[in-house]
Amino acid sequence: QVQLVESGGGPVQAGGSLRLSCAASRYTYSSYCIAWFRQAPGKEREGVARIYPNYGWTYYDDSVRGRFTISRDNAKNTIELQMNNLKPEDTAMYYCAAASLVNGVCPTFREAAFGYWGQGTQVTVSS
């Protein structure tokens, strides 16, 4: 069973930083593509970063590239999202999601491709 648990959200001022963590089972951590999505009030959920299970290749949405970093902590079996220079428009519920690779390829940021989701953690950036 794939279980994902997010943590690390909270309030922060614009320009500040937060680090989100997604805890997964060892099998999930080593076998699935993991992505971070976010959903702001009244908006559709959007993908912001994803990482491959083996080689650690990473991909980012343009809105966060250069400010957010997704990484793997092999000792803890967690996927981290370091968020720097936060902006009010980053305010959202952040979700960790897992997807199986298809022919060795991690899916793009399509919600339907990710079959497993955490409960989310709220990030609120004040100006």
Side-chain angles (χ1 to χ4, degrees):
Q1 185 176 2
V2 177
Q3 290 187 323
L4 304 168
V5 180
E6 303 97 333
S7 62
V12 64
Q13 290 190 331
S17 298
L18 277 177
R19 188 175 184 88
L20 306 183
S21 182
C22 174
S25 67
R26 184 172 185 177
Y27 177 76
T28 302
Y29 176 83
S30 61
S31 305
Y32 286 78
C33 175
I34 304 294
W36 284 96
F37 285 76
R38 66 185 180 186
Q39 187 168 22
K43 294 188 176 181
E44 294 185 353
R45 191 150 49 183
E46 61 177 359
V48 298
R50 65 185 188 268
I51 188 166
Y52 273 67
N54 294 322
Y55 302 105
W57 296 330
T58 58
Y59 295 89
Y60 299 92
D61 183 76
D62 288 344
S63 64
V64 305
R65 187 174 292 114
R67 300 187 299 122
F68 290 12
T69 302
I70 188 171
S71 62
R72 305 167 62 85
D73 187 324
N74 293 330
K76 299 179 181 179
N77 289 346
T78 58
I79 293 84
E80 310 285 318
L81 185 68
Q82 177 66 41
M83 306 185 295
N84 298 328
N85 190 22
L86 283 161
K87 305 175 181 181
E89 51 264 42
D90 294 318
T91 294
M93 184 72 79
Y94 282 73
Y95 298 91
C96 175
S100 299
L101 298 177
V102 178
N103 295 324
V105 178
C106 192
T108 57
F109 292 130
R110 293 183 299 111
E111 278 191 69
F114 288 81
Y116 306 97
W117 295 80
Q119 81 288 351
T121 185
Q122 178 68 37
V123 172
T124 303
V125 185
S126 59
S127 58

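- The minimum heavy-atom distance between Ala99 and Pro107, with the atom names listed, is CB-CG, 3.7 Å.
- No side-chain donor-acceptor contact under 3.5 Å links Thr58 to the backbone of Ile51.
- Under the 3.5 Å distance criterion, the side-chain polar atoms of Glu6 are matched with a main-chain donor or acceptor of Gly120.
- Under the ring-ring contact (aromatic ring centres under 6.0 Å, His included) rule, Phe37 has a single partner from Tyr95, Trp117, Tyr116, which is Trp117.
- The distance from the CD atom of Glu80 to the CG atom of Leu20 is 8.5 Å, given to the nearest 0.5 Å.
- In this structure, the side chains of Arg38 and Val64 come closer than 4.5 Å at one or more pairs of heavy atoms.
- Proximity of Leu86 to Gln13: side-chain heavy atoms (C-beta onward) are nowhere separated by under 4.5 Å.
- Of all the heavy atoms in Ser63 and Arg67, the pair that sits closest is O-NH2, 2.9 Å.
- Using a cut-off of 4.0 Å between Lys/Arg side-chain N and Asp/Glu carboxylate O, Asp62 and Arg65 are scored as salt-bridged.
- Between Ala98 and Thr28, the closest heavy-atom pair is CB-CG2, 4.4 Å.
- To the nearest 0.5 Å, the span separating CH2 on Trp36 from SG on Cys96 amounts to 5.0 Å.
- Using a 30° and 60° split on the angle between ring planes, Tyr59 and Tyr52 fall in the tilted class, from 30° to 60°.
- Heavy-atom contacts from other residues, nucleotides or ligands closer than 6.0 Å to CD of Glu44 number 12 or fewer.
- For the pair Leu101 and Pro53, the tightest heavy-atom approach, listed with the atom from each and the gap, is CD1-CG, 3.8 Å.
- With rounding to the nearest 0.5 Å, the separation of OG in Ser71 from CG in Leu81 is 8.5 Å.
- Shown here for Tyr60 and Ala49, the closest heavy-atom pair between the two residues is CD2-CB, 3.7 Å.
- Counting all heavy atoms, side chain and backbone alike, Tyr29 lies closest to Asn74 at OH-OD1, 2.5 Å.
- With hydrogens and angles disregarded, no donor-acceptor distance shorter than 3.5 Å links the side chain of Arg50 to the backbone of Cys33.
- At distances below 3.5 Å, not a single donor-acceptor pair connects side-chain atoms of Arg19 with backbone N or O atoms of Gly8.
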